[in-house]
Amino acid sequence: MKILVALSGGVDSSTAAFLLKKNGHSVSGATIFFKGVSNEDVEYARRVCEILDIPYYTFDFADAYQRAIVENFLEEYQSGRTPNPCVRCNQLIKFGLFLNKALEMGFEKIATGHYARLEEKDGVYLLKRGRDKNEQSYFLYRLNQKQLSKILLPLGEFTKEEVRNIARKMNLPTHQRKKSQDVCFLPDTDYVVYLKNIIPEKKGPILNQEGKKIGEHRGIVYYTYGQRKRLGISHSKPLYVVKIDAENNAIYVGEKKDVYKRELIASNFNFIYDFDLSKPIKVLAKARYFAPLSPATVRIIPGTPLKVRVTFEKPQWALTPGQSVVFYKDDILLGGGIIEEVAK
């Protein structure tokens, strides 16, 4: 099979390329250019291709990435929401533009170094949790059946430690590279510093749970739900951000117990395959990447566009508008949506 591997210059994607070639596929590598990709990343990817003796390409998607990912990132923060650019990038760039480019070039499939598993059953592609403790299926929930039919995820059955060991044994230069940053277009910059350099400060009140002003913030774009640092308020107990009111340019804070919530409303859904939503369904859900899976009930809210109410059995830490809530049945990823508001 003729496969194009998306190479980031890291250990995961380079090991994925090695494993595919070892299994007899015709493999090539390619790196996507966008804001945050360094010359060092490209050089590592190029060296891996030389060692594996496979062709290497570079694709300049910088303009598309700026419009689809960076500008959305800024808009979301200005609206008092906390976006997840990795989810959006996977949908629109890696498994969107990159996949289309690969197919145009005659490749049959693309592959990435994500820690997730893919299984075909009766013509339906099931996306499953990977074996690694930090598996990454959460970031792939916006993919559809057409995309899944054209991708390979070689690392789904491996742990990160096993992948590093493989890369070390094969003398791949990426085996000691550090983990990539959470916001990949800000490899060396804290997101608060980045936002401060672009968006002017707009001060406003910090309010307690009773609506009383107890401080002043520097701009809602610099805060997110559950944040404790940089509040600048003296209090008998630590205070955390529990709500961001963009309309009134206000931030609400409370004690740690106030950050835990059980219910949210979400929209902008993507379901990987069809299933019955006409009645409440029991799922395992997570509203943050590092959150553990937790039992929850999903109920449709009548009307258009589709919205659902997600009720967790146990309170969850810092449910955050703009983040993704993702649903599972055992290890199978059902889909998910974007959190619109925190209900209670």
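All of these numbers come straight from a predicted model, not from anything done at the bench. The figures that follow rest on heavy atoms only: side chains count, while hydrogens, waters and symmetry mates do not.
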Does the K261 side chain pair with the main chain of A318, one donor and one acceptor, at a distance under 3.5 Å? no

For E313 and S294, which I'm curious about, is there any donor-acceptor pair between the side chains at under 3.5 Å? no

Taking R81 first and then E341, would you say they form a salt bridge - that is, a charged N and a carboxylate O separated by under 4.0 Å? no

Under a 4.5 Å cut-off applied to non-hydrogen side-chain atoms, are F73 and Y194 in contact? yes

Can the ring centroids of F269 and F271 be said to lie less than 6.0 angstrom from one another? yes

Do the side chains of Y222 and L195 get nearer than 4.5 Å, heavy atoms only? yes

Indicate whether the side chain of T82 and that of T224 have a donor and an acceptor atom separated by less than 3.5 Å. yes

Between Y240 and W317, is the ring centre distance below 6.0 Å? yes

Taking C-beta and beyond as the side chain, do Y289 and N134 meet within less than 4.5 Å on heavy atoms? yes

So does E119 pair up with K128, basic N to acidic O under 4.0 Å? yes

Step by step, work out the side-chain hydrogen bond (donor to acceptor under 3.5 Å, both in side chains) result for Y115 and S137. CA-CA 7 Å; Y115 289 84; S137 59; over 6 Å; no

Using a 6.0 Å distance limit plus a 45 degree cone around the ring axis, check whether R288 lies over the aromatic ring of F290. no

When you check the gap from the basic side-chain N to the acidic O, do K160 and D132 get nearer than 4.0 Å? no

Indicate whether the side chain of K307 and that of S267 have a donor and an acceptor atom separated by less than 3.5 Å. no

Would you say R117's side chain and G156's backbone share a donor-acceptor pair under 3.5 angstrom? no

N90 side chain to V87 main-chain N or O, any donor-acceptor pair under 3.5 Å? no

Min side-chain heavy-atom separation I272-L334 under 4.5 Å: no

Any heavy-atom pair between the side chains of I69 and F34 that's under 4.5 Å? no

Do F61 and F98 have ring centroids that are under 6.0 Å from one another? no

Do the charged groups of K2 and E108 touch, with an N to O distance under 4.0 Å? no

